[in-house]
Amino acid sequence: MNSPATLLEAVKYFSDPDVALGCMVAIRWPNGITCPRCDSTEHSFVRTRRIWICKGCKKHFSVKLGTIMEDSPIGLDKWLSAMWLLANCKNGISSYEISRDLNVTQKTGWFMLHRIRYAQHNGSINKMTGL
Ligand SMILES: [Zn+2]
């Protein structure tokens, strides 16, 4: 992924759903796409819905399933732009800035900020699993 240099570039770059999906796949599965349920690497991609059907457990999964983004309707483009902001603003970023820059509510900005910080702290965008 060639990193966008400015927020404007980032937002534009991630607004292409296929680019956004490709970036998210690269972040989440650097060693290849794996089923979040059964860890199978055998799957088929449903391009129209941007989901995979696992050949192991026969269930489908999206890039969001099992991650910090799972239970939110926020698009990948906004998540990626928010991650870009957090990675590139060394002095920190507030939920108000996310709200203003990404055109989401301040509540949504706060939610995203907390989820991304959690991921940074854990070194992974995957949700905590197990006990
Ligand atoms: Zn599976």
Side-chain angles (χ1 to χ4, degrees):
M1 162 183 173
N2 38 8
S3 270
T6 64
L7 175 66
L8 199 67
E9 272 179 44
V11 169
K12 209 171 137 189
Y13 184 70
F14 297 133
S15 69
D16 180 325
D18 288 317
V19 169
L21 183 66
C23 291
M24 207 52 100
V25 166
I27 293 168
R28 183 168 189 198
W29 293 299
N31 303 314
I33 296 161
T34 310
C35 173
R37 290 192 184 86
C38 71
D39 291 330
S40 171
T41 52
E42 297 282 307
H43 41 71
S44 51
F45 184 55
V46 185
R47 182 156 292 281
T48 48
R49 293 173 63 201
R50 295 191 179 89
I51 57 164
W52 291 266
I53 296 172
C54 173
K55 290 183 182 166
C57 63
K58 313 285 181 206
K59 290 184 174 151
H60 59 75
F61 60 93
S62 72
V63 75
K64 281 171 138 185
L65 183 75
T67 72
I68 56 161
M69 302 168 285
E70 179 179 342
D71 44 11
S72 85
I74 303 158
L76 291 182
D77 58 331
K78 294 216 193 304
W79 279 110
L80 285 159
S81 299
M83 287 177 192
W84 184 93
L85 274 172
L86 259 84
N88 287 278
C89 298
K90 301 296 174 214
N91 298 326
I93 187 133
S94 73
S95 57
Y96 290 97
E97 285 169 287
I98 290 197
S99 160
R100 192 190 58 214
D101 291 339
L102 303 183
N103 197 25
V104 294
T105 64
Q106 192 258 329
K107 200 178 154 197
T108 299
W110 186 90
F111 171 81
M112 294 172 87
L113 204 55
H114 276 252
R115 288 287 173 102
I116 296 167
R117 284 199 181 127
Y118 173 86
Q120 286 178 327
H121 182 75
N122 285 280
S124 163
I125 62 164
N126 292 341
K127 276 206 310 197
M128 285 247 278
T129 50
L131 298 170

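Each ligand, and each atom within it, is numbered from 1 in the order the structure gives. The figures here come from the full heavy-atom set of this structure, side chains too, leaving out hydrogens, waters and symmetry mates.
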For the Zn ion (ligand 1), state how many protein N, O or S atoms fall inside a distance shorter than 2.8 Å. 4

For a 4.5 angstrom cut-off between non-hydrogen side-chain atoms, does Ile98 reach Thr108? no

Under 30°, 30 to 60°, or over 60°: which ring-plane class applies to Trp52 and Phe45, parallel, tilted or perpendicular? tilted

Consider only side-chain heavy atoms of I, L, V, M, F, W and Y, link residues closer than 4.5 Å, and tell whether Ile51 and Ile33 are in one cluster. no

What distance do Leu65 atom CG and Arg37 atom CZ have between them, rounded to the nearest 0.5 Å? 5.0 Å

Roughly how far, to the nearest 0.5 Å, is CG of Asp101 from CD1 of Ile93? 6.0 Å

How does the hydrophobic cluster around Tyr96 look, that is, which other residues are in it when side-chain heavy atoms under 4.5 Å mark a link? none

